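Below you'll find the structure, written out as structure tokens, and then a few comments.
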There are 2 protein chains.
Amino acid sequence: MEETDRAIVAALTVDGRLSYTDLAERVGLSVSAVHQRVRRLEQRGVIKGYAAQVSFEALDLPLTAFVAIRPFDPSQPDDAPERLAHLPEIDSCYSVAGEDFYLLLVRVAGPADLERLLQEIRTAANVTTRTTVVLSTPYEKRSPRI
Amino acid sequence: MEETDRAIVAALTVDGRLSYTDLAERVGLSVSAVHQRVRRLEQRGVIKGYAAQVSFEALDLPLTAFVAIRPFDPSQPDDAPERLAHLPEIDSCYSVAGEDFYLLLVRVAGPADLERLLQEIRTAANVTTRTTVVLSTPYEKRSPRI
DNA sequence: GCTGAAAAGAAAGGCAA
DNA sequence: TTGCCTTTCTTTTCAGC
């Protein structure tokens, strides 16, 4: 990717609501040129979308945890991600190398909700779980070097 | 949090660039009322900001990994997050319960970069690392139930 | 809290150079 | 790619309920 596009993407990962006028100033192009570039970045899928960043504490989801799962019966078809997709507490699902099959990032209101969620995960996907509770988050979702 | 605010936040986590006009329609309020509520949600820190969602593949960072770290010498002061904050490959840093001290989420271009990053992490924070490579990401950063 | 209106600003598109 | 122009939409503020 080219220099100017990188600058545009970098600016938008920090502030996704920057106006094209401000963007144009920062990257030293005209508004129409910047507008055109952003549209192309969106079409190419470099920019997948825009989202508000929320405080999970404010949303009453102060407990974050990682849940490593592996199938109870490894000979069964492995469709855990689909079987778990309906659970809104699951923020992310990663298929991983190593001893576990998947690593889930979950957000809940507290220990009781975590317990209930783990039971739902186990029965919905027929897996065993190993859970790591997050105590604090020094930083999260930082803008990548672009 | 109240019903209407939840609807507003939910809509903005899906599309952070929704206009106040569209938002107002969805939640059944006037544009100014919605505007006022969004401003308050931002001030209260419920909405922390807005960010473009980028494709890490398109940014030439196709390799994601989790790096669990623990201090080489547990009697030393534990300031790993600050010591590692300058590394742009680190997307997130979680302080965790369990055998490890921190769990890092990192994004790199490939195995060679991962190797170099791990060496930097070890020397910068005086820690040992245990790395889990992500093979695929069925889903990530889903909107929470609000 | 809310509404509605007015003014300012931005988006989106076309077009000539 | 720039610069300009036009139309439409959005943001922002403000008086008043």
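The sequence lines fix the lettering, A, B, ..., with proteins before strands; numbering per chain opens at 1. Note that the structure is a prediction, hence the values are computed from the model and not measured.
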I'd like to compare against my own output: the B/S/- annotation of nucleotides 5-17 of chain C with a strict under-4.0 Å heavy-atom distance to protein. -----SSB-----

So the salt bridge (Lys or Arg N to Asp or Glu O under 4.0 Å) pairs with at least one residue in residues 129-142 of chain A (sequence neighbours excluded) are A:D100-A:R130, A:R107-A:E140

Can you list everything that forms a side chain to side chain donor-acceptor pair (under 3.5 Å) with B:D79? Sequence neighbours excluded, please. B:R83

Scan for salt bridge (Lys or Arg N to Asp or Glu O under 4.0 Å) pairs involving residues 53-67 of chain A, sequence neighbours excluded, and state none if there are none. none

Could you list the residues that satisfy ring pair (Phe, Tyr, Trp, His ring centres under 6.0 Å) with A:Y102, not counting sequence neighbours? none

Name all pairs fulfilling the ring pair (Phe, Tyr, Trp, His ring centres under 6.0 Å) condition that reach into residues 37-92 of chain A, sequence neighbours left out, sorted by first residue then second. A:F66-B:F66, A:F66-B:Y94

B:E120: partners by side chain to side chain donor-acceptor pair (under 3.5 Å), with sequence neighbours left out: B:R116

Mind checking which nucleotides bracket the chain A contacts on DNA chain D, 5' to 3', with an atom under 4.0 Å from a heavy atom? D:dT1 to D:dC4

Once ring pair (Phe, Tyr, Trp, His ring centres under 6.0 Å) is applied, do any residues pair with A:Y20, and if so which ones, sequence neighbours excluded? A:H35

Residues B:D5 and B:R44 bridged, charged N to O under 4.0 Å: yes

At under 4.0 Å between heavy atoms, what does A:A33 touch on the DNA or RNA strands: base, sugar-phosphate, or nothing? sugar-phosphate

